[in-house]
Structure formats: structure tokens, C-alpha cells
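Structure first, then comments.
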Amino acid sequence: MGDPDSIFADDVELIEDAEVLEEDYTPDKILCRNDALSDFTDVLKPIYKGRPPQNAFLYGDTGVGKTAVTKHLRNKLVNDIEQKNADLSADERVTLNIIWINCENFTTGDHKTSSYQVAVGIVNRLREQGNRITGTGYAPQDVYDIMYSELDALDGTVLIILDEVDKIGDDDTLLYELPRSRDMGYLENVRVGVIGISNDYTFRKNLSPKVKDSLCETEIKFAPYDATELTQILMRRAELALYDSAYSRGIIDLASSLAYKEASGSARRAIRLLRGSAEIAEGEGAEQIAESHVRKADKKIEYGNIVESIADQDDEKLYILKAIAHLDLLNKTPARTRTVHRAYSRVVQGYNEDGAKDPLTQRGMFNHLSKLVMFGFVNTIDRNKGAGGGQWNEHEFSDDVDPAKVKEAYEERGLNWKSIKTRGVDR
DNA sequence: GATCCACAGGAAATAGTGGCTT
DNA sequence: AAGCCACTATTTCCTGTGGATC
């Protein structure tokens with residue numbers, strides 16, 4: 001197979017069609033989501049018939065098919081309308097515009113997305129390149145006005161899909177306005193339907209009643225997949241993506257049950273696991289994926305997830321983690337808060353030699369440290385030696401975290417891993 | 001059972017930020 | 001540009017805590 005001298009070529013190839021295992025692959029057949037599919041179809045049906053669209057709110061944990069189902073039905077809907085239009089005269093045709101916005105992409109800095117930013121996003125989606133508007137500088141009402149005039153320039157039905165709507169934050173102006181824009185007289189020519197997708201259950205609760213009324217006209221709930229369903233999904237993907245000889249029922253079952261247990265029924269995780277297993281097996285030159293490959297892939301994914309969630313933390317917390325990593329390597333953990341604070345101060349000074357930023361006080365650092373404990377990165381142990389020593393906390397990495405992972409997280413964030421001076425840290 | 005250590009962690013004060021209005 | 005308001009991050013201050021020790 002291929003050039004024997006190549007360092008990239010594997011001896012065997014198990015993956016026949018890698019695309020099927022990609023994150024954004026949309027299966028042509030959605031499995032195990034019949035309830036959601038039929039509910040959702042009912043929501044979209046009016047569009048097909050050229051009637052006013054409905055609004056809907058989809059919610060469920062990550063990796064349980066919200067986006068997949070939506071994409072699938074979107075494609076179907078567009079296709080079916082094309083078919084239908086072919087048989088109709090020009091004035092009977094149904095026009096449908098779909099705007100898919102992932103609200104997460106409109107975060108300014110590390111701040112939340114706002115209704116405002118999403119409105120800007122909608123405008124820019126409709127405008128040609130070069131005619132885009134900037135994300136700042138307009139009065140909010142102006143932006144909404146621009147948005148409405150752009151929308152109204154379209155024809156027929158506009159379906160606005162807001163993926164990850166929870167990222168929009170507390171300001172739900174847009175969610176309030178869009179669904180009722182026509183009633184309020186902002187739009188003349190088009191009918192707007194809004195589909196909100198969210199994996200944050202609390203988001204729905206916190207919406208103002210007005211928004212809940214209109215946006216959550218129909219709610220479609222996505223439950224986590226159970227192990228059997230995951231098996232079905234994986235079997236299907238494996239059939240499409242892998243050579244027949246590359247996998248067995250056993251490893252599919254294993255992958256399903258691992259994903260079910262550790263990722264609370266996320267198909268995304270299960271598929272990622274299958275793909276990882278195949279890649280590891282290929283790398284080892286195995287003819288078939290074995291249990292050990294699946295377990296290795298699982299470890300690797302878990303590892304990657306932890307590194308990623310460490311890298312997501314803000315600077316202060318990363319400094320603290322580095323400080324603990326340092327103490328850990330010196331076998332000085334668990335360490336009391338003041339020890340951690342000294343190490344932390346040195347870390348901060350190391351990264352801000354120009355004095356651009358002073359370390360936080362112990363009290364200030366302690367707040368971040370508590371968050372790290374809450375997130376499960378750090379364990380805190382209570383100590384109390386009474387009158388002979390008093391009461392204090394000691395901190396160490398939890399089982400999930402170790403210095404190597406923190407270091408990797410630093411690399412992922414593009415921070416270099418400076419060594420810190422030992423002097424004075426240990427007393 | 002009173003004492004007392006050494007800190008945890010609550011509360012208020014303060015500084016800093018960003019958007020909006022005038 | 002300046003003032004205002006809301007909100008967040010951090011510091012300062014201080015009281016409360018639990019159990020070993022006497």
C-alpha cells in the first residue's frame with residue numbers, strides 16, 4: 001500500500017470514507033430520533049405549503065442530534081420545495097430563505113454574544129462582501145432597522161436558525177422582536193420563522209415570558225441516546241466509513257457503552273471514539289480494530305478534553321494551575337493556600353516582568369482557586385490541628401489533572417511554558 | 001469544657017469597564 | 001466629550017470556625 005518509504009503511509013488502512021466520521025457530516029438517514037423528527041417536520045410543514053412558518057425551540061445536551069436533525073430537515077425541505085416548485089407556475093412557487101447563524105461566533109473578545117451582535121451577523125449574512133457593517137458603533141435600534149430592511153428585501157419565507165442561542169446572553173431583545181416582527185409592522189414582504197437551538201436548559205427558564213410565548217411555540221426535546229441507540233448509530237457509521245473487515249460488533253458495543261457512560265449519551269463523542277480507534281489501529285498496523293484500540297482512543301479523547309477545558313480557563317486560573325504544577329513536581333502538594341499564593345505570585349511575575357500586572361492578593365487568588373475546585377481541577381483538603389496549629393486548607397491536583405496537561409493547555413493557548421524560580425516558594 | 005490557632009470565606013469598599021444619553 | 005448607570009473584578013477588613021490541646 002503506497003510508498004514503503006513514506007513516513008505518513010500506514011501499512012493497513014481501515015477507513016474507507018473518512019468524511020462519514022467527520023464532525024459536520026450530515027447523515028442522509030437520521031436514526032433513533034423519530035419523535036423529534038416528526039415534531040420538527042410538523043413545524044416546517046407550513047413552510048412547504050407556503051403558509052406562515054412557526055417558531056420552535058430545540059433543546060437537549062450536546063451530541064444528541066439537534067444540529068444533525070436540523071441540517072437534515074433543512075436539506076430535505078429545500079429539496080422538496082424545489083421539486084414542488086418545478087411543477088408550479090411562477091406565481092405559485094414557494095420561496096424560502098434560510099439563515100443559519102451560530103450565535104457562538106459572535107462573541108466579542110471573551111464576552112457574551114449580544115442580541116446586537118447577532119443582528120449584525122444577520123445583516124452581514126444578507127449583504128455582499130464589502131458592504132458589511134461593523135460590529136460596533138451603531139445605535140442598537142439602527143442595527144435592528146437595518147436588519148429589518150435587509151430581511152424585507154427578501155421574498156417569501158425566511159427561516160432563521162439560531163444555533164447555540166444560549167450564547168446570546170441575557171439580552172433577549174432579538175428573540176423577542178424577530179418572531180413578532182411582522183405583527184409589529186417591521187416587515188411587509190416576508191414571513192419570518194425562528195428556530196432556536198440550545199443545550200442549556202436553564203436558558204429557556206430565564207427567558208422573559210414574552211419571548212417564551214413566541215419562540216417556544218413548539219418545543220422539541222432531544223433526550224440523550226441510550227446505549228442501544230448509540231450502537232445502532234455507530235453500526236451505521238461503521239458500515240459507511242470503515243472496511244467490513246476493519247471492525248467487529250464487539251468493538252462497536254464497547255465504544256457505545258463507553259460513550260454512554262462517560263459522555264451521557266453523546267453520539268458525537270461515540271463517533272469521535274470510533275474514528276479515534278480506527279486511527280490508532282491503523283497507526284499500530286492492526287488489521288482490525290481491537291478493544292485495546294478503543295480504550296486507548298477513549299483515554300486520548302478524555303485527555304484532550306481535559307487539556308481543552310484547562311485551556312479555556314482565564315489567565316489567573318492558568319497561573320494558579322501552573323503554580324500548583326510547579327509545587328506538584330517538587331512533591332510539595334498538597335500545599336496550603338499561602339504556599340500556592342507564593343508560587344502563584346512568582347508565576348505572575350515571571351510572565352509580567354515589566355510589572356505590567358501585579359499578582360492578586362491571597363484573598364483574590366483564593367476566589368479563583370475555589371472556582372478551580374468547583375470545576376474539579378483541584379482538590380482541597382481541610383486540615384485542623386487545633387490550638388497547636390489552627391485550621392487551613394491544602395490544595396492539590398485532582399486525579400484528572402497533572403502538570404503535563406497544564407503544560408499542554410499552555411501550549412494550546414499559545415503561552416510559553418516558562419520555568420519559575422524555586423527560591424522562596426517552599427516556605 | 002475552655003482555649004486558641006491560622007486560616008476560610010462573607011461583606012463592604014473600591015477600582016475598572018462599557019454602553020448609553022445628553 | 002462628559003456624565004450617568006449597571007456591572008464585574010479585586011482589595012480590604014474582619015468575624016467565624018472546628019478540633020487538638022491543655
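Residue numbering restarts at 1 for every chain, and letters A, B, ... go by the order of the sequence lines.
- Here A:His368 does not reach the OP1 or OP2 of C:dA9: none of its side-chain N or O atoms lies under 4.0 Å away.
- Between A:His341 atom NE2 and C:dT10 atom P the separation is 12 Å, expressed in whole Å.
- The side-chain heavy atoms of A:His341 and A:Thr339, taken from C-beta on, include no pair separated by under 4.5 Å.
- Taking side-chain N and O atoms only, A:Arg338 has no distance below 4.0 Å to OP1 or OP2 of B:dA6.
- Comparing B:dC7, C:dT10, B:dG9 by their nearest atom to the side chain of A:Arg363 picks out B:dG9.
- Close to C:dT12, at under 4.0 Å from its OP1 or OP2, lies no side-chain N or O of A:Thr361.
- Between A:Glu284 and A:Lys296, at least one side-chain N (NZ, or NE/NH1/NH2) sits under 4.0 Å from a carboxylate O, which counts as a salt bridge.
- No contact: A:Ser370 has no heavy atom under 4.0 Å from any strand.
- A cation-pi arrangement is present between A:Lys322 and A:Tyr410, with the terminal nitrogen or guanidinium carbon under 6.0 Å from the aromatic centre and inside a 45° cone about the axis.
- Put simply, CG on A:Asn393 is 15 Å from C1' on B:dC5, counting in whole angstrom units.
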Quiz item: Tell me, for nucleotides 16-22 of chain C in 5' to 3' order, what letter each nucleotide earns: B for a base near a protein heavy atom under 4.0 Å, S for only sugar-phosphate near one, - for neither?
Solution: -BBBB--
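- In the set C:dC13, C:dT10, B:dA8, the nucleotide with an atom closest to the side chain of A:Leu360 is C:dT10.
- Figure legend: cation-pi geometry between A:Arg383 and A:Trp392 absent, as NZ or CZ is not positioned both under 6.0 Å from the six-membered ring centre and within 45° of its axis.
- Aromatic rings from A:Tyr225 and A:Tyr260 are positioned such that their centres are separated by 6.0 Å or more.
- Counting heavy atoms of neighbouring residues, nucleotides and ligands inside a 6.0 Å radius, atom CZ of A:Arg51 does not exceed 12 of them.
- Geometrically, A:Lys66 does not engage A:Tyr59 in a cation-pi contact defined by less than 6.0 Å to the ring centre and at most 45° from the axis.
- Between the two ends of the helix from B:dG1-C:dC22 to B:dT22-C:dA1, each summarised by a five-pair axis, the helix axis turns through 10° (rounded to 10 degrees).
- Between the A:Thr157 side chain and the A:Leu96 main chain, no donor and acceptor come within less than 3.5 Å of each other.
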